[in-house]
Amino acid sequence: MNKISTNSPKGTRDFLPVQTKRRQWIFDQLKSVFESHAYVPIETPAMENLSTLMGKYGEEGDRLIFKILNSGDYLRKADEQSLQAKDSNKLISSISEKALRYDLTVPFARYVVAHQNDLSFPFKRYQIQPVWRADRPQKGRYREFYQCDVDVIGSTGLWSEVELVGMIHKGFSKLGLEGVVVKVNHRKILAGMVEVIGKADMLIPITVAIDKIDKIGMEGVQKELLEKGLTENEIKMLKPMLEGNNDLSSMRDFLSSSEIGMEGLNELEFLLNNCAKLNFDLQVDCSLARGLNYYTGAILEVVHPDFPSSICGGGRYDDLTGIFGLPNVSGVGISFGADRIYDLLEAKNLFPSSLKESVDLLFLNMGDEEASLALQLSSELMDAGFSCMLYPDNKNFKKQMKYANELGVKKVLIIGTEELTNSEVSIKDMESGEQIRVSQKDLIKTLKS
RNA sequence: GUGGUUGUAGCUCAGUUGGUUAGAGUGCUUGAUUGUGGUUCAAGAGGUCGCCGGUUCGAACCCGGUCUUCCACCCCA
């Protein structure tokens with residue numbers, strides 16, 4: 001018989017009990033922040049229609065969407081021409097009409113349009129669910145990972161951005177993570193920037209290039225921009241902006257001829273001023289671009305010096321619902337990358353020690369009559385607040401003790417023949433090794449003291 | 001999608017220039033102790049050396065392919 005591999009698919013992981021407890025703790029912390037800010041939970045399906053997702057994340061994004069094969073004899077219905085030509089891209093639409101969701105924002109936009117009559121706007125929702133990307137796995141990058149999204153939709157008020165920045169700080173402080181840097185930029189500033197140099201049509205490639213300035217330096221960015229078709233002169237014009245140390249007044253000088261750029265700058269200033277009043281730390285970074293194509297206003301990203309990639313990100317999108325038939329609805333939101341946050345907390349040893357798996361009490365199984373009594377007593381112990389179990393098999397003593405030890409049980413309770421006839425229970429403290437015998441009616445009192 | 005890297009006992013890893021029967025630590029089973037775990041001692045079980053093919057008298061070791069792991073790029077939480 002062939003052994004079937006026990007590997008989970010590339011880029012996906014199983015979680016042991018401790019890991020699961022820690023992950024749930026992260027979700028719980030964020031949830032409490034979201035709910036205290038009056039966001040409500042929703043869920044959407046793991047899969048979406050392929051047409052809902054395609055084209056929303058750029059060309060690269062389309063490639064990273066996991067497509068689901070149609071049911072049945074899908075090849076019979078496949079497009080003959082593209083099948084013959086082995087043209088995968090063209091073939092897909094005829095053999096796949098569903099896909100795993102790539103993020104939570106686009107499905108949310110669909111959701112908002114679908115349920116617009118049942119929602120009150122502005123609608124504030126949070127959503128903690130897994131998403132899937134067909135990326136090559138590496139550090140901090142998985143094919144299945146959880147996003148924790150918070151969005152406000154149906155409002156253009158910049159106070160939402162202020163609130164979100166506050167929630168970022170609150171969230172990471174609840175997680176016990178110090179040293180996060182919240183970076184901000186504005187898509188309209190980037191638009192103004194390319195307008196000033198007369199390359200408005202190249203917004204995306206230019207922003208993608210300058211986004212890498214931290215990584216590859218000014219020279220690397222220049223090289224990439226040259227490759228993308230900018231002239232030396234145009235790059236020279238950009239330079240003061242990028243080297244301007246993110247100083248608002250120099251940005252104002254640079255953008256003065258661009259209406260949209262000035263608009264962005266004013267909005268950014270509003271955000272900065274109001275965050276400053278509330279002591280929400282925020283750093284302007286005019287090289288921050290963020291790849292997702294749908295952002296139109298402020299863009300946010302959270303990084304930590306001990307982690308290579310961003311642990312949270314988001315921004316404002318003005319017309320995501322438009323493609324689903326509901327125009328002129330603006331939204332803004334952020335997404336916490338739970339798996340990256342987990343890796344970072346793990347590396348920095350920041351998980352509370354209370355998150356270990358533990359059982360308060362374990363009854364040894366010494367026979368049917370004894371076990372039956374143990375279950376009666378454990379029901380009372382559970383009501384009294386203890387976590388409590390009976391060893392399910394009447395195996396030898398040693399084995400049961402060993403199990404108790406492995407589980408980290410605090411106290412082992414023993415009812416054998418002697419205890420049974422005397423209406424007693426032996427209590428063994430697993431840490432000290434001490435053992436006492438008490439009457440059954442004093443059991444709870446003794447354990448609580 | 002591009003480039004590199006990794007794979008040997010349940011786990012962590014040694015394994016010499018290609019040479020007889022592939023090792024250690026830990027874990028596991030049993031016993032010392034049939035009502036006492038975590039410590040100690042003794043014995044034992046456990047391997048198609050990721051998989052497929054090639055070179056060779058001979059391959060864990062060399063070559064090709066494939067899968068897996070991790071890393072970088074692209075891109076991103």
Side-chain angles (χ1 to χ4, degrees), chain A residues 1-13 16 26 30 57-65 88-89 101-105 128-149 204-205 207-209 211-212 215-216 220 224 289-293 300-304 307-314 333-344 362 364-367 370 391 394-420 426-435 437:
Chain A
M1 198 167 54
N2 281 335
K3 262 195 250 171
I4 296 171
S5 162
T6 55
N7 288 332
S8 65
K10 191 198 275 280
T12 67
R13 297 151 304 152
L16 293 171
I26 293 177
L30 294 176
Y57 312 104
E59 221 175 289
E60 193 67 17
D62 284 354
R63 191 170 63 77
L64 298 176
I65 294 172
S88 308
N89 283 336
R101 66 170 164 245
Y102 177 90
D103 71 356
L104 300 179
T105 308
I128 299 177
Q129 288 193 280
V131 304
W132 293 269
R133 297 185 186 175
D135 216 347
R136 282 266 183 100
Q138 56 178 285
K139 194 172 186 62
R141 180 174 291 193
Y142 304 100
R143 287 185 152 186
E144 176 182 62
F145 60 97
Y146 271 72
Q147 291 194 325
C148 310
D149 272 37
I204 304 242
T207 53
V208 166
D211 190 39
K212 295 179 198 160
K215 224 174 191 176
I216 60 178
E224 186 160 334
R290 296 196 52 77
L292 293 178
N293 292 343
L300 293 163
E301 188 166 286
V302 182
V303 293
H304 190 278
F307 204 74
S309 45
S310 62
I311 51 179
C312 179
I334 51 168
S335 178
F336 291 80
D339 300 77
R340 289 181 175 177
I341 292 169
Y342 180 100
D343 290 348
L344 185 52
L362 176 110
L364 297 197
N365 191 328
M366 311 285 285
E370 293 87 342
Y391 193 89
N394 181 8
K395 282 207 181 126
N396 72 55
F397 209 101
K398 207 170 167 172
K399 196 159 227 165
Q400 299 195 41
M401 286 302 292
K402 197 172 178 189
Y403 180 78
N405 195 52
E406 280 167 2
L407 245 62
V409 171
K410 296 185 185 74
K411 287 188 169 76
V412 164
L413 304 180
I414 306 160
I415 302 176
T417 334
E418 270 184 53
E419 288 90 346
L420 192 67
S426 292
I427 305 171
K428 172 151 180 153
D429 186 301
M430 287 302 278
E431 207 175 321
S432 66
E434 278 170 37
Q435 188 165 326
R437 203 187 269 202

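Chain identifiers are assigned alphabetically (A, B, ...) following the order of the sequence lines, protein sequences preceding nucleic acid strands; residue numbering begins at 1 within each chain. Note that the structure is predicted; figures quoted are calculated from it, not measured. We use all heavy atoms of the structure for the numbers below, so side chains are in, but hydrogens, waters and symmetry mates are not.
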Sequence neighbours excluded, which residues qualify as side chain to side chain contact (heavy atoms under 4.5 Å, CB included) partners of A:Leu407? A:Val359, A:Met389, A:Tyr403, A:Val409
In a check of side-chain contact (heavy atoms from CB on, under 4.5 Å) between A:Cys148 and each of A:Ile128, A:Ile341, A:Ile26, A:Ile334, which one passes? A:Ile128
A:Glu144: partners by side chain to side chain contact (heavy atoms under 4.5 Å, CB included), with sequence neighbours left out: A:Thr12, A:Pro130, A:Trp132
Under 4.0 Å between a side-chain N or O of A:Lys10 and OP1 or OP2 of B:U68? yes
Just checking A:Ile414: base, sugar-phosphate only, or nothing, at a heavy-atom cut-off of under 4.0 Å? base
What interatomic distance, in whole Å, is found between C1' of B:A59 and the corresponding atom of B:C51? 16 Å
Which atoms of nucleotides 26-30 of chain B (N or O only) lie under 3.5 Å from a protein N or O atom, and what are those distances?
unit_1, atom_1, unit_2, atom_2, d
B:C28, OP1, A:Lys402, NZ, 3.4
B:U29, OP2, A:Lys402, NZ, 3.3

Dot-bracket for RNA chain B, 5' to 3', Watson-Crick and G-U pairs with both distances under 3.5 Å, [ ] for crossing pairs, | for partner on another strand, reads ((((..(..((((.....[...)))).(((((.......))))).....(((((..]....))))))..))))....
Indicate, with a heavy-atom threshold strictly under 4.0 Å, whether A:Gly58 touches base, sugar-phosphate, or nothing. nothing
We want to know whether A:Tyr102 and A:Asp62 form a side-chain donor-acceptor pair, criterion being a heavy-atom distance below 3.5 angstrom. no
Sequence-distant partners of A:Ser335, side chain to side chain donor-acceptor pair (under 3.5 Å), two or more places apart: A:Asp149
Using only heavy-atom distances, decide whether a donor-acceptor pair under 3.5 angstrom links the side-chain of A:Gln435 to the base of B:U36. yes
Spacing of the C1' atoms in B:C63 and B:G25 (rounded, Å): 34 Å
Whole-Å P distance, B:C57 and B:A45: 37 Å
A:Arg437 atom CZ is separated from B:G35 atom P, nearest whole Å, by 14 Å
Pick the P atom in B:A22 and in B:U48, then give their distance to the nearest Å. 13 Å
Applying side chain to side chain contact (heavy atoms under 4.5 Å, CB included), name anything that partners A:Lys410, two or more places apart in sequence or on another chain. A:Ser358, A:Asp360
N/O donor-acceptor pair, side chain A:Gln400 with base B:G35, under 3.5 angstrom: no
Residues at least two apart in sequence or cross-chain that pass ring-ring contact (aromatic ring centres under 6.0 Å, His included) with A:Tyr342, listed by chain then number, are A:Phe351
Is there a donor and acceptor pair, one atom on the side chain of A:Asn405 and one on the base of B:G37, closer than 3.5 Å? yes
Scan residues 128-138 of chain A for pairs that pass salt bridge (Lys or Arg N to Asp or Glu O under 4.0 Å), counting only residues two or more places apart or in two chains. A:Asp135-A:Arg141
With distance as the sole criterion, do the side chain of A:Lys428 and the base of B:U36 form a donor-acceptor contact below 3.5 Å? yes
For atom C1', what is the distance between B:C11 and B:G27, given to the nearest Å? 7 Å
Can you give one letter per nucleotide of nucleotides 72-77 of chain B, 5' to 3': B if a protein heavy atom sits under 4.0 Å from the base, S if only from the sugar-phosphate, - if neither? BBBBBB
Could you state the NZ-C1' distance from A:Lys410 to B:G38, rounded to the nearest angstrom? 16 Å
Set of ring-ring contact (aromatic ring centres under 6.0 Å, His included) partners for A:Phe145, sequence neighbours left out: none
Select base, sugar-phosphate, or nothing to describe what A:Glu370 touches, counting heavy atoms under 4.0 Å on all strands. nothing
Does A:Asp339 have any salt bridge (charged side-chain N to carboxylate O under 4.0 Å, His left out) partners at least two apart in sequence or in another chain, and if so, which? A:Arg13, A:Arg23
Whole-Å distance separating the CZ atom of A:Phe397 from the C1' atom of B:G35: 4 Å
Distance check, P atoms only: B:A24 and B:A9, in whole angstrom units. 14 Å
When the C1' atoms of B:G15 and B:A60 are compared, how many Å lie between them, rounded to an integer? 8 Å
Could you tell me the separation between the CD atom of A:Gln147 and the CZ atom of A:Arg340, rounded to the nearest 0.5 Å? 9.5 Å
Residue set satisfying side chain to side chain contact (heavy atoms under 4.5 Å, CB included) with A:Leu344, at least two apart, ordered chain then number -> A:Leu177, A:His304, A:Asp306, A:Phe307, A:Ile311, A:Lys348
